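Below: one structure, written as structure tokens.
As the structure lists them, so they are numbered: ligands from 1, and atoms in each ligand from 1. Values in this document were obtained by computation on a predicted structure and should not be read as measured data.
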Amino acid sequence: MALAAALPAQLGGQEHAIDAKGTPWWKNAVFYELYPRSFADSNNNGIGDLNGVTAKLDYLKDLGVDAIWITPCFPSPQVDFGYDISDYENIDPMYGSLQDFDRLLAEANKRGIRILLDFVTNHTSDHHKWFQDSKSSRTSAYRDWYIWRDGRRPGQPPNNWISTFGLSAWTFDPTTQQYYYHYFYPEQPDLNWRNPAVEAAMFDVTRFWYKRGVAGFRLDAVDSLFEDPKLTDNSFAAGTDTFGRRNMDERYNQKLPEVHGVLRGLRKVADEYSAVLIGETYTSSIDELKHYYGDHSSELQLPMDMMFATVDKLSAPEFRKQIASVNSSGGWPVFLIGNHDMPRSYNRYGDGLHDDAIAKLMAALYLTLRGSPILYYGEEIGMQNNDPKSKEDVRDPQGKIGWPTEKGRDGERTPMQWTADVNGGFSKTKPWLPVAPSAATHNVATESADPASILNFYKRLLKLRHDEKALLEGEYIPLDENNPNVLSFLRRYKNEAVLVVLNMSATTQRVTLDLVPQGFAGGSHTMLLTNGGEATRSQGRDIDVEPFTAYIERQTK
Ligand code: GLC
């Protein structure tokens, strides 16, 4: 607690956790995911760093961000670019030092921005001292901290499980003549969460950071924490994956019920510090997602709705269905449209002709919904994927293993585009990944000066989101529910409401919205924002909305 006390202004602890009305801070917060390798390079070595982030805090504040989630910046051999941690309680020298981190935290807190870290729960790096000891002999103190088994027969792994990154899930260790299990790369051995010592050590890691003033964690890969102790073979499912392998029904190594016990434990520790837990929860049904909130909200406050995030077409019915579904869970929704593992939303939803308008339309969707949004860095300027052109250029091992069908995740992790200058203003040296050609037009400097830019639309939208009670706390009421092209909804709060109309089609659409049942028939309406397209009210209830137009209006009684 010494450090927390030394940082009275820090926002990780109790004092600022709940507002005057009793709403926890994270319900009204806009989160921003930031990939530190690619955000801002303060020492010009081609790789981003924490001092770079600190230098950009005013930009984030001005954008309207309340909390930053920094992907792993701990010491790591960087096989999976930080998701292979070799020391949980330090900062990788490539990114700076603990002092740099404390300074970032203090400067962020001064601006009312909270910091969340990324906690890789499922596995460590093979360079972590726990694993180094574990593999040193069958009787080592840490042997049981990982999952070691004999092969089924000489030369054959213990069972048929496969790594999600394209290889076997088992690696043979010649020294101790056993296999260890890794759901990801061989350099990322899975921890054995059935061992209470692992649980205790990992819970302590979170305390270490909470005491420094961290406001919470994004929990990595929680679906994978437990495996069937009998190592039962998985059965195969229809189709093949991007590595060309038969799909597997991962019943025995994904989402085992024991995961929830660990989440309840992590939540108890988080509650001692009023911290928030965001989960990387890849669920395939709303029941699974619901489970991650826990009974009486005893697990994750913010499990990500990846079903919404992975809707891959601009489809009003698809989004309407996913929103209804997450709202039926009873939990507080978490909306995102991109992250460091999936192609950028600009490419996934763009049609090649109206991409900027569509980028704004998508922003108007997920930033006006009831729930906590998570932006992915660069989304606010319309950054595009920049996939490697040849196998030699690939940095992400996933792309090296799966080339050319699986190009890996480099494309969505390219340097932030700050200016139209060399290297997008990210660094004075050649960056670790090439800056996307779109930096010439889509960058912070150019867009800041253009009132019609994606960036300025994000800023206006986030300001609206912070100012309008209805957008923060209002209930979500779907309207015109059978419309195949236009997604319309109301966010209603007492005598006010915000109407959102999103034309997801390439033709002008007339919508007829009946607000009588919602009690807003006779009142007044004021246009708050459009993404540039026109929306014209004709007789009373009719609104004509141009292609890919987002129209936002305030209703009063
Ligand atoms: C999560 C991360 C991903 C990483 C993997 C293994 O899915 O988001 O980037 O490669 O876990 O840690």
With side chain to side chain donor-acceptor pair (under 3.5 Å) as the rule and sequence neighbours excluded, what pairs involving residues 29-43 come up?
Y32-E380, E33-H340, Y35-R413, R37-Q78, S38-W432, D41-S427, S42-D49
Relative to each other, are the rings of F131 and W148 parallel, tilted or perpendicular (30° and 60° limits)?
parallel
How would you list all residue pairs meeting salt bridge (Lys or Arg N to Asp or Glu O under 4.0 Å) that involve residues 303-314, not counting sequence neighbours?
D312-R348
I'd like the residue list for ligand 1, meaning every protein residue with a non-hydrogen atom under 4.0 Å from the ligand.
D80, Y83, H123, F165, F184, Q188, R218, D220, E280, H340, D341, R409, R413
Sequence-distant partners of S345, side-chain hydrogen bond (donor to acceptor under 3.5 Å, both in side chains), two or more places apart:
none
Say whether W170 and N159, considering side chains only, have a donor N or O and an acceptor N or O under 3.5 Å apart.
yes
Passing candidate, side-chain contact (heavy atoms from CB on, under 4.5 Å) with E107, options L57, I113, V53
L57
